[in-house]
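Below is one structure, written out as structure tokens; comments come after it.
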Amino acid sequence: VQLQASGGGLVQAGGSLRLSCAASGRSISSYAMGWFRQAPGKDREFVAAITWSGGSTYYADSVKGRFTISGDNAKNTEYLQMNSLRPEDTAVYYCAADPKGILRSSVGVRPSDYDYWGQGTLVTVSS
């Protein structure tokens, strides 16, 4: 599976962006999907994830209520809608796929839980 993340950019605080993660090579309909981010000098951190069925979503406390993860199996694409953006949301955002997702009732929140990664897309939020 190859993942291509897009949609990053420069936005003012309070603004919105929608990130996309297009998958190719095979269907991700049985995969759990996640988004992580990494700010300069910091470790990669969990942002959001969705179970393979799309029935459950999980969010880091720092983005809960502002970000929404969703998927479109017909387009083999995952999305991260980001609203009310803050300067502290500035980071490179990575999408990731867990092919064992269909075996889990939940999702992983560690980078090591995911086997496939997109190249990252930069989100910069100005104050």
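Sequence positions, counted from 1, serve as the residue numbers for this chain. Worth saying up front: this structure is predicted, and the values here are computed from it rather than measured.
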Worksheet entry | Within one Ile-Leu-Val-Met-Phe-Trp-Tyr cluster: Trp117 and Val107, side-chain cutoff 4.5 Å | yes
Item to complete: Rounded to the nearest 0.5 Å, what's the gap from CG on Leu19 to CZ on Phe67? Could you check?
Response: 8.0 Å
Worksheet, complete the sentence: Interatomic distance, CZ@Arg86 vs OG@Ser62, rounded to 0.5 Å, equals 8.0 Å
Discussion item. Minimum heavy-atom separation for Leu3 and Ala97, please, with both atom names.
Written reply: CD1-N, 3.8 Å
Fill in: Shortest non-hydrogen contact between Asp115 and Pro99, atoms and distance
OD2-CG, 3.2 Å
Worksheet entry | Nearest atoms (heavy-atom pairs only) where Trp35 meets Ile69 | CD1-CD1, 3.6 Å
Discussion item. Arg37 vs Tyr94, test: side chain to side chain contact (heavy atoms under 4.5 Å, CB included). Steps then yes/no.
Written reply: CA-CA 6 Å; Arg37 66 187 181 187; Tyr94 298 89; over 6 Å; no
Practice prompt. First locate atom CD1 of Ile102, then atom OG of Ser53, and finally report the distance between them rounded to the nearest 0.5 Å.
Written response: 9.0 Å
Practice prompt. Mind checking salt bridge (charged side-chain N to carboxylate O under 4.0 Å, His left out) for Asp43 and listing every partner two or more places apart, or none if nothing turns up?
Written response: none
Response to the item:
Taken in chain and number order and not counting sequence neighbours, the residues that satisfy salt bridge (charged side-chain N to carboxylate O under 4.0 Å, His left out) with Arg110 are Asp113
Discussion item. With a 4.5 Å cut-off on side-chain heavy-atom distances among I, L, V, M, F, W and Y, is there a chain of contacts connecting Val63 to Ile50?
Written reply: yes
Identify every side-chain donor-acceptor pair in residues 76-84 under 3.5 Å, counting partners at least two apart or on other chains, and give the distances.
{"residue": "Asn76", "atom": "OD1", "partner": "Ile28", "partner atom": "N", "Å": "2.9"}
{"residue": "Asn76", "atom": "ND2", "partner": "Ala23", "partner atom": "O", "Å": "3.2"}
{"residue": "Asn76", "atom": "ND2", "partner": "Arg26", "partner atom": "O", "Å": "3.0"}
{"residue": "Thr77", "atom": "OG1", "partner": "Lys75", "partner atom": "O", "Å": "2.8"}
{"residue": "Gln81", "atom": "NE2", "partner": "Asn83", "partner atom": "OD1", "Å": "2.9"}
{"residue": "Asn83", "atom": "OD1", "partner": "Ser16", "partner atom": "OG", "Å": "2.9"}

Worksheet entry | For Asp72, all residues meeting salt bridge (charged side-chain N to carboxylate O under 4.0 Å, His left out), sequence neighbours excluded | none
Worksheet item: Quick one: disulfide bond (SG atoms under 2.5 Å apart) pairs with a partner in residues 3-120, sequence neighbours left out?
Response: Cys21-Cys95
Worksheet item: Taking all atoms of both residues into account, what is the closest heavy-atom pair of Phe36 and Arg44, and its distance?
Response: CB-CG, 3.7 Å
Fill in: same_hphob_cluster(Val47, Tyr116) at 4.5 Å side-chain heavy-atom cutoff
yes
Discussion item. Once rounded to the nearest 0.5 Å, what's the spacing between atom NZ of Lys100 and atom OH of Tyr31?
Written reply: 10.0 Å
Worksheet item: Going only through I, L, V, M, F, W and Y residues with side-chain contacts under 4.5 Å, is there a path from Val11 to Tyr93?
Response: yes
For residues 118-127, run the donor-acceptor check on the side chains, cut-off 3.5 Å, and write out each pair with its distance to 0.1 Å, sequence neighbours left out.
{"residue": "Gln119", "atom": "OE1", "partner": "Ala5", "partner atom": "N", "Å": "3.1"}
{"residue": "Gln119", "atom": "NE2", "partner": "Ala5", "partner atom": "O", "Å": "2.8"}
{"residue": "Thr121", "atom": "OG1", "partner": "Gly8", "partner atom": "N", "Å": "3.0"}

Fill in: Over all atoms of both residues, closest heavy-atom pair of Tyr114 and Ala49
OH-CB, 3.5 Å
Practice prompt. Count the heavy atoms belonging to other residues, nucleotides or ligands that lie under 6.0 Å from NZ of Lys42, then report whether that count exceeds 12.
Written response: no
Worksheet entry | Phe46/Tyr58 aromatic ring centres below 6.0 Å | no
Worksheet item: Do you know which two heavy atoms are closest between Gly101 and Trp52, and how far apart they sit?
Response: O-CD1, 3.3 Å
